[in-house]
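Presented below is the structure to which this report refers.
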Number of protein chains: 2
Amino acid sequence: MPDAPCVARMTPRRAFTREGEEARRAALIAATLDLIAEGGPQAATVRAIALRAGVTQGLIRHYFASKEELTAAAHEALMTELTEASAARLDQMSDTHAGRLAKFVADAVSPPVTAPRAVSLWAASMHLVARDPHMRAVHEATYLAFRDRLERLIRDALAEAGRFTGDSRDLAIAANALLDGLWIEAGALPELFSPKQLKSIAIKVLSRLLQISLPEV
Amino acid sequence: MPDAPCVARMTPRRAFTREGEEARRAALIAATLDLIAEGGPQAATVRAIALRAGVTQGLIRHYFASKEELTAAAHEALMTELTEASAARLDQMSDTHAGRLAKFVADAVSPPVTAPRAVSLWAASMHLVARDPHMRAVHEATYLAFRDRLERLIRDALAEAGRFTGDSRDLAIAANALLDGLWIEAGALPELFSPKQLKSIAIKVLSRLLQISLPEV
DNA sequence: GCGGTAATTATGCAAACGTATAATTTCAAA
DNA sequence: TTTGAAATTATACGTTTGCATAATTACCGC
């Protein structure tokens, strides 16, 4: 289909309101992420993004120099979203370190951001990350931040039980892998796992691995 | 750039040989997978695929009714490739069940198919899988086959040590998640992990989890 | 050697893509 | 109320995409 009619206008121009830069950027980023999550990178065309965001495609160019720039902004927003989803919850409640660890682990395999969307977006980001150095840096930093948090929680929980280990790093890597694996499999094959099941497996396995009693949450 | 010159031919038609259906299909599928692994689904255009496979684009339509059909064939080939990569190795060597389990686990986090390529392809497949029911079925079957194999190995290894457990299913899910997580993280951030480190973590953690002594391999 | 068949190349086409730019409309300041 | 700048829409352009079809050429059976 050609882009637009080539004749004189009959209908009036569509009305619009000025929402301001921040709101528009956020809307465009949200639209981009939604489309990628639903249909992969291919689905996030400038026209589809504009439609989803409730604007016309020209506006994209007004706020982002290129589609690539919008994509990068969307990736960064996703990483922030994922990080904050776990960071926010951690600071609240639980008196014991074991309790905090259990809560953290349980949250990681529960729908914070609903799993299929997050996993789908994460998968899409892989290809971008592979080539763009800046995206790669953001990705790596996000991973390491999560892992470091996990390592600290593990060390604290062990210390609480009077145990000290030299390989908390390796334990954190493994625990992180376990959580990622569960998260991804649940996202890829949602009907194969119930949220409750995931949580219980994660807690059970981790407590056995650390030889610590972790409370159900 | 327009597709092709619009004038009379000066240069002779490029020479070709008839390779036969099987070879051509395989070449086209391989080219598709390579391109997707390198540049994501967007990179696998019919023209790029044809170029990579050493043919012209018309031939694609001759062997596949549509690009979608080629994509589906490529996905199925990938799943087979991944499955066979682990199946082949399992049948060889090791006298004890613990040894076989250790070997299986070590292979799962080593480059059989080199990790970044496999992980990249796996990520790309997520979006296809989400919408196409047939692809979804293939994906699920592949996952379950791997997990079942793992479960059997775990049960055998435990039995060998005189232990019997009712939750070998959950252990298999967790072990599978651990392996997937390590595999994916190594593929996404290759410079953060050495192959040796991955192997040692996987073995160490699994032996601690199962409370079985697993040999290094 | 010699056709004839089908594998393969060459070319064309409409739609969709990202980008560029001109034309309008909103809204706040004056 | 008017006006001017910025936000937004509308349109256009050149490329690339997937698909279709016509033109050629390799190769097998005779």
Side-chain angles (χ1 to χ4, degrees), chain A residues 1-28 31-32 35-36 39-74 128 132, chain B residues 1-29 31-32 35-36 39-74 128:
Chain A
M1 176 170 45
D3 256 349
C6 210
V7 296
R9 295 200 55 71
M10 299 302 296
T11 71
R13 230 169 215 249
R14 68 185 265 184
F16 64 91
T17 61
R18 305 187 170 198
E19 300 290 349
E21 174 156 353
E22 270 180 85
R24 284 272 128 101
R25 291 182 91 100
L28 289 171
T32 302
L35 286 168
I36 293 178
Q42 346 238 20
T45 68
V46 288
R47 284 164 179 80
I49 293 169
L51 184 65
R52 181 68 66 104
V55 297
T56 57
Q57 58 170 303
L59 203 62
I60 292 181
R61 272 272 295 166
H62 190 255
Y63 286 117
F64 298 93
S66 68
K67 189 194 167 183
E68 192 182 342
E69 195 174 289
L70 170 55
T71 304
L128 307 178
D132 185 311
Chain B
M1 179 171 41
D3 254 350
C6 210
V7 296
R9 295 199 55 71
M10 298 301 299
T11 72
R13 231 167 212 249
R14 68 184 265 184
F16 64 91
T17 61
R18 306 188 170 195
E19 301 290 350
E21 175 155 355
E22 271 180 84
R24 285 272 128 100
R25 292 182 91 100
L28 289 170
I29 286 174
T32 303
L35 286 167
I36 293 178
Q42 347 238 17
T45 68
V46 288
R47 282 164 179 81
I49 293 169
L51 183 65
R52 181 70 64 104
V55 297
T56 56
Q57 58 171 301
L59 203 62
I60 291 180
R61 271 273 295 165
H62 191 254
Y63 286 117
F64 299 93
S66 68
K67 189 193 167 184
E68 191 182 342
E69 195 173 289
L70 169 55
T71 304
L128 308 178

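Chain identifiers are assigned alphabetically (A, B, ...) following the order of the sequence lines, protein sequences preceding nucleic acid strands; residue numbering begins at 1 within each chain.
- Distances were taken from every side-chain heavy atom of A:Val46 (C-beta onward) to each of C:dT8, D:dC19, C:dG18; the shortest belongs to C:dG18.
- When each of B:Ala65 and B:Thr17 is assigned the nucleotide of DNA chain D with its nearest heavy atom, B:Ala65 is the one assigned upstream, toward the 5' end.
- Rounded to an integer number of Å, the gap from CD1 of B:Ile60 to P of D:dA20 is 13 Å.
- A close approach under 4.0 Å does not occur between any side-chain nitrogen or oxygen of B:His62 and OP1 or OP2 of C:dT8.
- One can place CZ of B:Arg47 at 7 Å from P of D:dG18, the figure rounded to the nearest angstrom.
- Here B:His62 contributes atom NE2 and B:Arg24 contributes atom CZ; the two are 11.5 Å apart, rounded to the nearest 0.5 Å.
- Look at CG on A:Leu35: it is 11 Å from P on C:dC17, rounded to the nearest Å.
- Rounded to an integer number of Å, the gap from B:Leu51 CG to D:dG18 C1' is 17 Å.
- When the P atom of D:dA22 is taken as reference, atom CD of B:Gln57 falls 16 Å away, rounded to whole Å.
- A donor N or O paired with an acceptor N or O is found under 3.5 Å between the base of D:dA26 and the side-chain atoms of B:Arg18.
- In this structure, CD of B:Gln42 is placed 12 Å from C1' of C:dG18, rounded to the nearest angstrom.
- A donor-acceptor pair shorter than 3.5 Å cannot be found between the side chains of B:Thr71 and B:Glu69.
- Counting to the nearest Å, the P atom of D:dG18 and the CG atom of B:Leu28 are 14 Å from each other.
- You'll find that the side chain of A:Arg14 is closest to D:dT9, out of D:dT9, C:dT19, C:dG18.
- B:Lys67 is not listed as a side-chain neighbour of B:Ile60, based on a closest heavy-atom distance of 4.5 Å or more.
- Nearest to the side-chain atoms of B:Leu59 among the listed nucleotides C:dT8, D:dC27, C:dC17 stands C:dT8.
- On a pure distance criterion of 3.5 Å, no polar donor-acceptor pair joins the side chain of A:Arg61 and the base of C:dG18.
- The side chain of A:Phe16 lies closest to C:dT25, out of C:dT25, C:dT8, C:dC17.
- In this structure, the separation between CZ on A:Phe64 and CG on A:Leu28 is 5.5 Å, given to the nearest 0.5 Å.
- Residue side chain B:Arg13 reaches the base of D:dA23 through a donor-acceptor N/O pair under 3.5 Å, judged by distance alone.
- For the pair A:Tyr63 and D:dA7, the criterion of a side-chain N or O lying under 4.0 Å from OP1 or OP2 is not met.
- Counting non-hydrogen atoms under 4.0 angstrom, B:Thr56 reaches a base of the nucleic acid.
- Taking 4.5 Å as the limit, every side-chain heavy atom of B:Gln57 sits out of range of all side-chain heavy atoms of B:Leu51.
- Between A:Glu19 atom CD and D:dT9 atom P there is a gap of 10 Å when expressed in whole angstrom units.
- At C:dA7, none of the side-chain N or O atoms of B:Arg24 fall inside 4.0 Å of OP1 or OP2 (strictly under the cut-off).
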